[in-house]
Amino acid sequence: MRWTQTLIPTLKEAPADAEILSHQLLLRAGLVRKLAGGLYTFLPMGLRVLRKIEAIVRQEMDRTGACEVLMPALQPTDIWKKSGRYEQAAQVLFKVRDSKQREWLLGPTHEEVITTLAASEISSYRQTPINFYQIQTKFRDEIRPRFGLMRAREFIMKDAYSFDSSDEAAQVSYQKMYDAYVRIFERCGLKAFPVEADTGVMGGKFSHEFMVPAQTGESEVAYTEDGKYAANLEKANSGGPQVATPSDAEQPLEKFPTPDVRTIEDLAGAPFNVPASRQIKTLVFIVENKPALVLLRGDDHLNEAKLAGTFGTVIFRPAQAEEILPLLGANPGSLGAVGVRSGIPIYADELLRNASGMTTGANEDGFHLRHVSVNRDLPTITWKDLRTVREGELSPHGQPLRIRRAIEVGHVFKLGTKYSVAMEASFLGDDGQRRPLVMGCYGLGLTRTLQAIIECRFDANGIIWPKTVAPYVVCITPLGVEPASEVMQLAEKLYAELSALGVEVILDDRNDRPGVKFKDSELVGFPLRIAIGEKSLKLGQVEFAVRDGGAKDAVPIESAVARVLEFLKA
RNA sequence: CGGGCCGUAGCGCAGACUGGUAGCGCGUCUGAAUGGGGUUCAGAAGGUCGCGGGUUCAAAUCCCGCCGGCCCGACCA
């Protein structure tokens, strides 16, 4: 490719709305342009990188024996109603109407479609195991698209769906995908690591996310230095907090005035001085239109993912003050579970089990209760792990937990039979019995992976692409472009020879200053630049500049091609 | 969904408080010089000041509404 024949609109300055570095570099290097919030056009360089990543993903998927299909992005709503996700996932669904006012949706994922296919086409255990994958555009009505391709309304994803005849067989399919993901991210130059994850709206038995460590990541991961434990913060549990919950001296329950106390902190401060760890935090939720109380220790943070698991639905929200007053008789700030009328389910975090000597709201504005004993004073409680772990706590295997931010680039789920039961996808086993297919699903964000690579590989001058995904591997930079000049003729000759050898090479034939061309080639991030100028030419040499590490080397003209091939192999 | 900030040339911004000829840098175009790190000089093009309404002799500027963008929040009772 000749630079003047393609479009590489580099920018000196980053657009103001690009927050994180990878987003700025995407725009500055001329890889993409924004059409609207969360919607991007891929320009030639960006598209080439995307295609490279796609090719790696395809190769690794094919290697596992998965077969490629392509499903419609536009989907009928009835299959989503059948699976229950028309309501469950309503927040992220893009719905459209046709001219007859019939409703459709733009698929955020394809479990419903593939399971419908399996229901009609897979009827015998002899057809399993089978794994379908596709590379497709997905649509999600994100409440807040941001960070460029990281959280977009429209994005490209590889999704795969395995169908097996038993749990054990499904486990094998799951492991194959897990292994393929490790290889894919490694080939993309990413240090991705798997962590235990919450299954969320997808449902299913368990899952792993593949995370790339990055300050700007939207996920938080709890892990131990010994590498034996890693989990999404939404999923992570620990051996308990550093401060134990009191369960000693039982004293009579006592109401005391607490005017102007509205928060845990207020009560922890003078004159009350009740440590947060001795308070019970009382939260009120509306779960599918019915109230529920959630109790946590005062110093703990609720984990919403765990709460969703407890409720068995994602359709819940914190109650409003106007809803709480008639329910409990007090406003937020003085709430508690002591004496709450039966009929309101109460969920409490495990840490409060057997707690006594606690303080909580009295359900009367301006009053709290002290010496609360959970066993003595509270009604029936459902105990669950509901708290978010904190840095420094011990992991389940006894090592200190650390927390870091990361970008989620892939997610593999063992789904079980959730969808096959709902969509009636069953098969006949070798014993003649009809059973639901056992499923797994495996997502990998291609566009997000692209940006994650940038987020992990850049320097002050721009992007540093690994050879495996670079838009072009070699950039030939003649420092003069007069067609008749020796410089340009050598550039053309090298360009032709390398192209003929199948090397992906771009010729910077712009009539620009050397500085401009050098800066641009580094900003876009080509792994190898070959500069040809009159000075080096006189010495019979060209200059090799390796983007990653910045090594420069004078190479004799006659061995240039061989050295490029060497570079490609290294 | 709630709160805050913002919308002026392709990009980054000033002008607004105190209404009166719409500016700067980068980029683009023309010409010249230069030619191994975003070079220099001369000239030029490019703006319904997000949209609609209002106040006013006069609105980028003040007021109202809408649209769009960004940030924070949407457990912290």
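Heavy-atom basis, side chains included; hydrogens, waters and symmetry copies ignored. Naming convention: chains lettered A, B, ... in sequence-line order (proteins, then strands); numbering from 1 in each chain.
Across all strands shown, G36(B) forms no Watson-Crick or G-U wobble pair with both distances under 3.5 Å. Using the Watson-Crick or G-U wobble rule with both distances under 3.5 Å, U30(B) pairs with A42(B). Remark: G23(B) base-pairs with C13(B); criterion is Watson-Crick or G-U wobble with both hydrogen-bond distances under 3.5 Å. If you check G68(B) for Watson-Crick or wobble pairing at under 3.5 angstrom, you find it paired to C6(B).
Rounded to an integer number of Å, the gap from CG of L307(A) to C1' of A74(B) is 15 Å. Atom CG in L335(A) sits roughly 10 Å away from atom P in A77(B) (whole-Å rounding). Put simply, CD on E304(A) is 6 Å from C1' on C75(B), counting in whole angstrom units. Atom-to-atom, CD of E13(A) to P of C13(B) comes out at 8 Å; the value is rounded to the nearest Å.
Atom name P, nucleotides C17(B) and C64(B): the rounded distance is 15 Å, in whole Å. Rounded to whole Å, the P atom of A77(B) lies 26 Å from the corresponding atom of C5(B).
Considering only side-chain N and O atoms, R144(A) lies under 4.0 angstrom from the phosphate OP1 or OP2 of C72(B). Residue K12(A) places none of its side-chain N or O atoms closer than 4.0 Å to OP1 or OP2 of C11(B). Applying the 4.0 Å criterion to OP1 and OP2 of A77(B), one finds that T282(A) has every side-chain N and O outside that range.
Residue side chain K552(A) reaches the base of G37(B) through a donor-acceptor N/O pair under 3.5 Å, judged by distance alone.
The residue V294(A) sits apart from the nucleic acid: no heavy atom pair falls under 4.0 Å. Base engagement by A319(A) is indicated by at least one non-hydrogen atom pair under 4.0 Å involving a base atom. Using a 4.0 Å heavy-atom distance criterion, D520(A) is classed as a base contact. In this structure, G480(A) reaches neither bases nor backbone, as no heavy-atom distance under 4.0 Å exists between it and the strands shown. Residue contacts shown for I324(A) include a base, since a base heavy atom lies under 4.0 Å away. In this structure, L11(A) reaches neither bases nor backbone, as no heavy-atom distance under 4.0 Å exists between it and the strands shown. D299(A) comes within 4.0 angstrom of nothing in the nucleic acid, heavy atoms only. Within the 4.0 angstrom heavy-atom criterion, no nucleotide atom of any strand lies near T388(A). Base engagement by P332(A) is indicated by at least one non-hydrogen atom pair under 4.0 Å involving a base atom. R529(A) comes within 4.0 angstrom of a nucleotide base, judged by non-hydrogen atoms across all strands. Residue N303(A) is classed as having no contact, given no heavy-atom separation below 4.0 Å to the nucleic acid.
Of the residues near RNA chain B, E522(A) and G298(A), the one whose nearest nucleotide (by heavy atom distance) lies more toward the 5' end is E522(A). Nearest-nucleotide positions on RNA chain B for D300(A) and E19(A) put E19(A) closer to the 5' end.
Across all their heavy atoms, R140(A) and P108(A) have their closest contact at NH2-O, 2.9 Å.
Residue E543(A) places its side chain closer to G36(B) than to any other of G36(B), G37(B), A77(B). Each of C11(B), G35(B), C70(B) was ranked by its minimum atom distance to the side chain of P15(A); first place goes to C11(B). Considering only side-chain atoms of R146(A), the nucleotide from C72(B), G12(B), A77(B) that sits closest is C72(B). Residue K281(A) places its side chain closer to A77(B) than to any other of A77(B), G36(B), G69(B). Listed candidates were A77(B), C76(B), G36(B). Nearest to the side chain of H301(A) is C76(B).
Checked for salt-bridge contact, R297(A) and D349(A) miss the test: no charged N lies under 4.0 Å from a carboxylate O.
S536(A) contributes a side-chain N or O that, together with a main-chain N or O of Q541(A), makes up a donor-acceptor pair within less than 3.5 Å.
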